[in-house]
Every structure is written in structure tokens, then in C-alpha cells.
Protein chains: 2
Amino acid sequence: MRLSRYFLPILKENPREAEIVSHRLMLRAGMIRQQAAGSFSWLPIGKRVLDKVCQIIREEQNRAGAIEILMPTIQSAELWRESGRYDDYGKEMLRFKDRHEREMLYGPTNEEMVTEIFRAYVKSYRDLPLNLYHIQWKFRDEVRPRFGVMRSREFLMKDAYSFDLDYEGAKAAYNRMFVAYLRTFARMGLQAIPMRADTGPIGGDLSHEFIILASTGESAVFCEKKFLDLQVPPADIDFFNNEEIARVVTEWTTPYAATEEMHDESQWASVPEEQRLSARGIEVGHIFHFGTKYSAPMKAAVMGPDGKEHFVSMGSYGIGPSRLIAAIIEASHDDAGIIWPEAVAPFHVALINMKAGDAACDGAADELYSKLTAAGIDVLYDDTEERAGAKFAIADLIGLPWQIIVGPRGIANGEVEVKNRATGERETMSVQAAIDRFGKGK
Amino acid sequence: MRLSRYFLPILKENPREAEIVSHRLMLRAGMIRQQAAGSFSWLPIGKRVLDKVCQIIREEQNRAGAIEILMPTIQSAELWRESGRYDDYGKEMLRFKDRHEREMLYGPTNEEMVTEIFRAYVKSYRDLPLNLYHIQWKFRDEVRPRFGVMRSREFLMKDAYSFDLDYEGAKAAYNRMFVAYLRTFARMGLQAIPMRADTGPIGGDLSHEFIILASTGESAVFCEKKFLDLQVPPADIDFFNNEEIARVVTEWTTPYAATEEMHDESQWASVPEEQRLSARGIEVGHIFHFGTKYSAPMKAAVMGPDGKEHFVSMGSYGIGPSRLIAAIIEASHDDAGIIWPEAVAPFHVALINMKAGDAACDGAADELYSKLTAAGIDVLYDDTEERAGAKFAIADLIGLPWQIIVGPRGIANGEVEVKNRATGERETMSVQAAIDRFGKGK
């Protein structure tokens, strides 16, 4: 993409309303624009990151056997009365009436609707296990939305729902999502640690939060350092081998790990002092097993192998992609701006023409742009007439993993500079070497 | 995808509520489920079609220079008061108050919000032209939603918005979208005819609807037969060559074409009788130029080359992907079910194992499945224990372009049958030949 034809509205000033670094950087880098309290538009580079994050989530959900659907944002109150949650849910639920005075709501989550879909079609244990997920906008009318997309009112959520005949099946489904989440966050360059969690308004008796460590994290967390050395399972792990998946879950749930609210001082005391890691964390995923909490009142039952009807045993599994992006920035930035992990970067390379209008610079930069683009590399080509210093600042701010810098002095020797945004390392090489370096990595 | 692990809830009975064929077939084929009046969940194969349709739209928008963003579904009433439309818009707008009693609405369209984004960042004509689009859910509280996703209340829309310094620039932007739409519909296997249209509540003085012909279409249309022979421009047309793009638009707007409401009997009379095509049509896209209708009241101005401030000249450009899918089915089905154009089919091939459990059939079908999948072909593999007749009926109903049928008699000779869903043509070939046929087409 040529920056001269793109829409990248960089802010020069620090926005006053931004209390945390991710919010500030997302506004400054032209990723988002606030439209109302807790409501944001995703501008072009923000949208690109959102798409990349969703695609990784999707691939790992699919790999673990979950199937993608898409439920609407608006739901009927009637459905929520069936589970009893319509009255339980407080003011966070956005309620309204349509033109025929029917009570409706903007879905804060989808347990009821997906249970309705399930019961309409699935009648036999032979059709299980089943896990349906969607990636859809949700609305929770927080009394005080803040921190940008970290705690917004309208937010994107991937929510998966598993249906099984019994607890044993449901536990296997839970384990599959547990492992899918480990893989999802690892692919985004994040160290996520599963911690036992409270089940809150979703209900149920088994729950884990996935927490990433960031010094600016929202809550205190306590865990053993050995988490940092655990291996995330490879892509070819067999998600339908229940024992193998359960072994991974055991490995990742045996060391001590707890958020502040679940913290147990006596257990913590038994962790050797040099193994204790007490840090700040950000929740990026939450999984729940809640059995028949929804299937029983909503009568979602299947015929079992015993010829009897059984209410299905369910779980739900959430990741907020919009929130996750803020969390990634909290975990990966420096004073100059964002440092994107490669897998979620809006573009792979910032190609900086230091002197647009100079024939030699233009020639080399145009060649790099067309050849790298043809090789399938996402390049943001700064072909504008800004001065070089401003271009460098923008490239650092938006945090693309690599910069290729084309300047008049280097080009006189046929050379460009390649800079790694994360390490700051710079290397001088020929134009052809730069093309080979990136074009072949693909 | 193995059908035994998939979620494809086929309905055996014709749903009584479905008045038109696309609604009936989408329900029967397990593409959608109604959740409330005019509100639908997209089940797995429906979601796959929706994704394919959106991807084609996106590619053609990008090719024409439009840039993708994503605006929220909920908007503030305040914004709509700026343009004056908050009071103009009737009961179709879903309005409500949040917990702080602020007036909000579910966006039926986004002219106001995108104008707000524009004016916040863009100050100079040098940053033009600009065209921002998003693909987002909208809500219009129709008094009588019907016809499934053809006229639903919650629906997906791709809406693009162009900003230019003056009418000449805006006309060029309009022309780019016009040509992008021709390409978009053609890629989906549709014959779409642009017809001059009324501008309705969007306002403005230039507008075209893109209409596809279908005998079950919602409205009468009148056009010259020569449209059927016009060529849609190739992918490498230069969207930034204004003259070339304008020539295409002239070519496609010169023959007579009108919907019922714009029909002019005296002009029609001058079309030679053998050239007249009077048919039924379905609107699948609508583009508008409306100049300063929003930019003037909302004060969206840029500095021109003359050093003066100019309200930008705008247009908007809509395609409803959810509605479009119903239109495709209206235009492409038979008594047995849907006939998907290849570009939007949920899977490319239905692989039917006529006798699951038979070692020879299983062996051949498994081999076909793994080799075609490895070659990047989307295969829906019916590995269930249903009887063969039911499997054929399902494959015809869901309308995948190709069927590969593995039966015990053929396999004894090492042969399978390949059926084209659209033509019904069948061909017998070796397993290897079938692998080569589909695997190499990729």
C-alpha cells in the first residue's frame, strides 16, 4: 500500500483522554477513533490488525474442531427469560423495544441463542460432540467505559459453545479449547498463563482465565516461573486424542497460578521463593464449563446410548479480539510506539523513501515495493513528501516489524538499510539482498 | 470437512413461513435459522457463503482504491441531529437510551459517522480522493420483515463513502465504484444491470441501482437486450485512469434500462421492439452521488488549491451481502435445490461415499478427500451412514458445483462418477483422474 493513497491519520499530540499506553498509542497511530463513550471505529491499520487477530483465532478454533457460525447482535428478551437471565442481568444489558413494542436486547453473550439453535436441530448423542462459535460484536453498557478498546461498550468477541452428552465429554471439549487458546496466544507472540477463575455471571463449576503478563496490567497475578518454560503444543497435535489433550492441560494447570481474587496465601507459601512470580496481568481469554445451567431450563436434550433423554453438558469459551489488541500493545511497546509481533502486524514492512522526488530513491523504492508486493509481502510504502525524520517517527509509532530505508547516500552505493523495529538492529545491504531477504521469507 | 464432524442441519419438510424460493432453500439447506422477526443466524454453510461474497466485494473495493475501516453498530443521536436526519428518519430507525439516558440508535447507514471521521482528520485537497468503506451489520426496523434475508431487519451491508474536492472528482469516484460493482457481480456469476434510480432518503442527484434478472424478482424492470452482450472490464483495468473508467460507465449507461418507478414509456417506445427486455429484477447494489448534503451541515471541508475552504463532494455505495446471497439463489436454483456459482459456493466439491463402512469405498473416498484437501480444494465429504439416495438429495439441495460419487460398483473397476450440479452432466473416471481434474484446477 502506498501511503500517499492510504488513510493513516497520525496524531502528533498525546490525546488527553487516554489513561493507558495502549489507548494512547492506538489513537496516535491512527488505529481507532472514538465515536461515543466506549465506542470506536477501527481505522485502516486497526482494521488490518483486527482481521489478523481474528484469523489466527479462527484457524485455531477450526483446528480444535469448533465450527463457525454467525448469530445476530439483536436478541429477543423472550429467549433470555427462558434461562432466567433476563431479570438477573443488570444495567449492563442494553434493552429496548422495537416498533411493535417487543422487548429486545443487544447481546452481551450468546449462551441462550446458541442453545436454542442446538435444541432445534440436534436430537441424538451420535451428533455430538458439537462446538459452535462465532465472532460478533457485543454490547455491555459499562457504567464507566475507559481505557479505549480495553474496556469498551461495543466490543468484538469470539465466543464458542460446546455441547456434550455428559461431563466426561464436556471435560474433553473444555480441554480442546484450553489447548486451542494456548496455541492462539502463542501464535500472536504472547505468553498467556491459564489461571483458575471465578465463573461470575456465566455460572458453572470449572473456569480458567488466560492472562498475559504486562507491567501495566489491570490486576495482580501470582504464578510459578516454570510457566515461562512450558512448551505450547505444535500445530499437528491430535485434538481428538482426549488423553493427549488432557496431558497438556494437566501440565499447564499443575504449577500454581492465580489472579488476585482467587489467590490462596497458604498454597503460595508452599511455592519455593525463587519460583514465585508476582506480576501484573491482563485477561485475554476466559473459558467455562457450566454443565446443564442453560440446557436444563431451556430443555436442550439428546437421546443417549441408553435410550433416555439427557440435558447436554455445555461450556463456553471467549476471547475478545478488540480487547486483545490493546493487551498486545500493553505487552509490546517502547517510548517510540508500538512493536507488533509479526503475526498480527498490520503490514510486515515499512518501506521508507527518505527523499521522494529524487530519481534514484524513487527508482529503488518503487522497485522494492513492486517486487516485495508481488512476492506476497504486505508493504506500507511511505512515498509521501514528508521529511525523513517524520517518516521515521511514524514508522516507529505504528510499529511494523521491519523497516527498509531508502536514502540518497545509500542508494548512491546501491544500498538500503534494514531495521528491526523490536531490537533496533540495523543492517546495510544491496537492494537485491533486501528483496531476497523478505521475498524469500514468504 | 467431514460431514460426520460438521453441522449441516437439513430440513426435510418445506418450512411454511417461507414465501419465496431463496428463503425456503436457505432454511432447508441449513444455511440460516430465524431468531426473531427479520433476524437470522448464519449456520456453517451459510457463513461460508457470506464470507466468500464479502471477500469478493472487498477485493473489488480495494482494487478500485477504497480503503476498509470498521465503524461501530451503535451511534449517538447527536451525530444524526447534525445532518438533520434524526428527526427525518421514521420508525425504521431503532432508537434507545443507554444507562445514562443518552439517546442512541442502531445504525441503518453511516453517512454521518464517516463524515465525522473525515472532518476530524482530513484538511487538505492533497489528501483526496478518499473512499472509506466498511462491511458491518445494520438494523432497519421494517414494519413487516419477510422473505428471509432478502428483507430482514438486521442485515449485513458493505457501505463505501467517497470524498472529493469538487463535482468532477466526485463523478470520477462514482465511476470507479460503478465499475467496481460491475466486476463484483460478474465475479459472482451474476448478470447485473445498472439502472438509473431514485435517490430516496440518502438524497442527492445521481444514482444507479444494480439489478439482477430473476423470474422471481421483486420488481418489474425494462432494459435493452444489448446489456446481455456488454463486457465487464478485466481485473487489470486502471481504476485511476478517469477517462478509461468513464468510457466504461458510458457504455453501460447508454442503452435504456429502468426499474418500474423510473420507467419512461415514451423513451421505451423508441427502443426497437426486438431489443426490448421486460423482466423481473432484484436490486443488489445501489450507488449515490449527493454532493454536499452531509458535508455542508456537518462542516466537512478541505482547503482547496485556491487557498479556500470547500465542503467536500460525497457519494455512498452500498451492497448488502446477506441480501445478495438470497438474490443469487433466486437467480440460480432448480427443483432439487440451490446451484451455486463456483466463486461463492460454500465448498467446491461434494464427495459422496455411497456406502460408508465398505472397505473399498472408504479407501477410495478417504484418498480423494485427503489428496483434494491437501491440494487446497474445499471438499465436503459425506462420510455418514445415511443411505445413498438421501446423500444425493442433500448434495443437490446444498448445491455445491461438483459431486464426486464413490460407489461399490464403480470402485470395483477403480472408477468414480463426477457430476456437474448445474448441467447434471456425469462422467465416469478413475480415482486418479478425479484427483487430477480437481487438484490441478487450483
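Proteins get letters first, then strands, A, B, ... in listed order; numbering begins at 1 in each.
- Using a 4.5 Å cut-off between heavy atoms, His134(B) makes no contact with chain A at all.
- Heavy-atom pairs under 4.5 Å with chain B peak, among Glu142(A), Arg99(A), Lys47(A), at Arg99(A).
- Counting only N and O atoms by type, the side chains of Arg58(A) and Gln55(A) include a donor and acceptor under 3.5 Å apart.
- Each side chain to side chain donor-acceptor pair (under 3.5 Å) pair with one or both residues in residues 121-130 of chain B, not counting sequence neighbours, appears once here: Arg33(A)-Tyr121(B).
- Highest contact tally toward chain A, considering only Glu92(B), Arg102(B), Met71(B), Glu116(B), is held by Glu116(B) [criterion: heavy-atom pairs under 4.5 Å].
- Neither the backbone nor the side chain of Met1(A) comes within less than 4.5 Å of any heavy atom in chain B.
- Judged by the 6.0 Å distance and 45° axis criteria, Arg119(B) is not positioned over the aromatic ring of Tyr294(B).
- Annotation for Pro321(A) and Met157(A): closest pair CD-CA, 3.8 Å, computed over non-hydrogen atoms.
- Heavy atoms of Phe240(B) lying under 4.5 Å from chain A belong exclusively to its side chain.
- Only the side chain of Ile67(A) comes within contact range of chain B, judged by heavy atoms closer than 4.5 Å.
- The aromatic ring centroids of Trp80(A) and Tyr89(A) lie less than 6.0 Å from each other.
- Side chain to side chain, Glu154(B) and Thr73(A) meet the donor-acceptor criterion of an N or O pair below 3.5 Å.
- A salt bridge links Glu103(A) with Arg81(A): the closest approach of a Lys/Arg side-chain nitrogen to an acidic carboxylate oxygen falls below 4.0 angstrom.
- Across Leu132(A), Leu11(A), Val114(A), Leu128(A), the residue that shares the most heavy-atom pairs under 4.5 angstrom with chain B is Leu132(A).
- With a 4.5 angstrom heavy-atom cutoff, Leu130(A) touches chain B only via side-chain atoms.
- In this model, a donor atom of one side chain and an acceptor atom of the other lie less than 3.5 Å apart for Asp159(B) and Tyr161(B).
- The candidate with the highest count of non-hydrogen atom pairs below 4.5 Å against chain B, out of Val143(A), Asp98(A), Ile117(A), is Val143(A).
- Between Leu165(B) and Pro305(B), the closest side-chain pair of non-hydrogen atoms falls below 4.5 Å.
- Residue contact with chain A, scored on non-hydrogen atoms closer than 4.5 Å, involves the side chain of Phe139(B) exclusively.
- Only the side chain of Leu50(A) has a heavy atom closer than 4.5 Å to any heavy atom of chain B.
- Within the 4.5 angstrom heavy-atom criterion, only side-chain atoms of Tyr106(A), from C-beta onward, approach chain B.
- Using a 4.0 Å cut-off between charged nitrogen and carboxylate oxygen, Asp141(B) and Arg153(B) count as a salt-bridge pair.
- Proximity to chain A involves both the backbone and the side chain of Leu43(B), based on heavy atoms less than 4.5 angstrom apart.
- Proximity to chain A is absent for every atom of Arg48(B), based on heavy atoms less than 4.5 angstrom apart.
- The contact between Ile74(A) and chain B is made by backbone and side chain atoms together, counting heavy-atom distances below 4.5 Å.
- Only the side chain of Gln136(B) comes within contact range of chain A, with at least one heavy atom under 4.5 Å from a heavy atom of that chain.
- The candidate from Ala120(A), Gly65(A), Ser41(A), Pro129(A) with the greatest count of non-hydrogen atom pairs under 4.5 Å with chain B is Ser41(A).
- In summary, the side chains of Gln75(A) and Glu112(A) do not present any donor paired with an acceptor at a separation below 3.5 Å, with no hydrogens or angles considered.
- Per-residue counts of heavy-atom pairs under 4.5 Å with chain B were compared for His100(A), Arg95(A), Glu78(A); the largest is that of His100(A).
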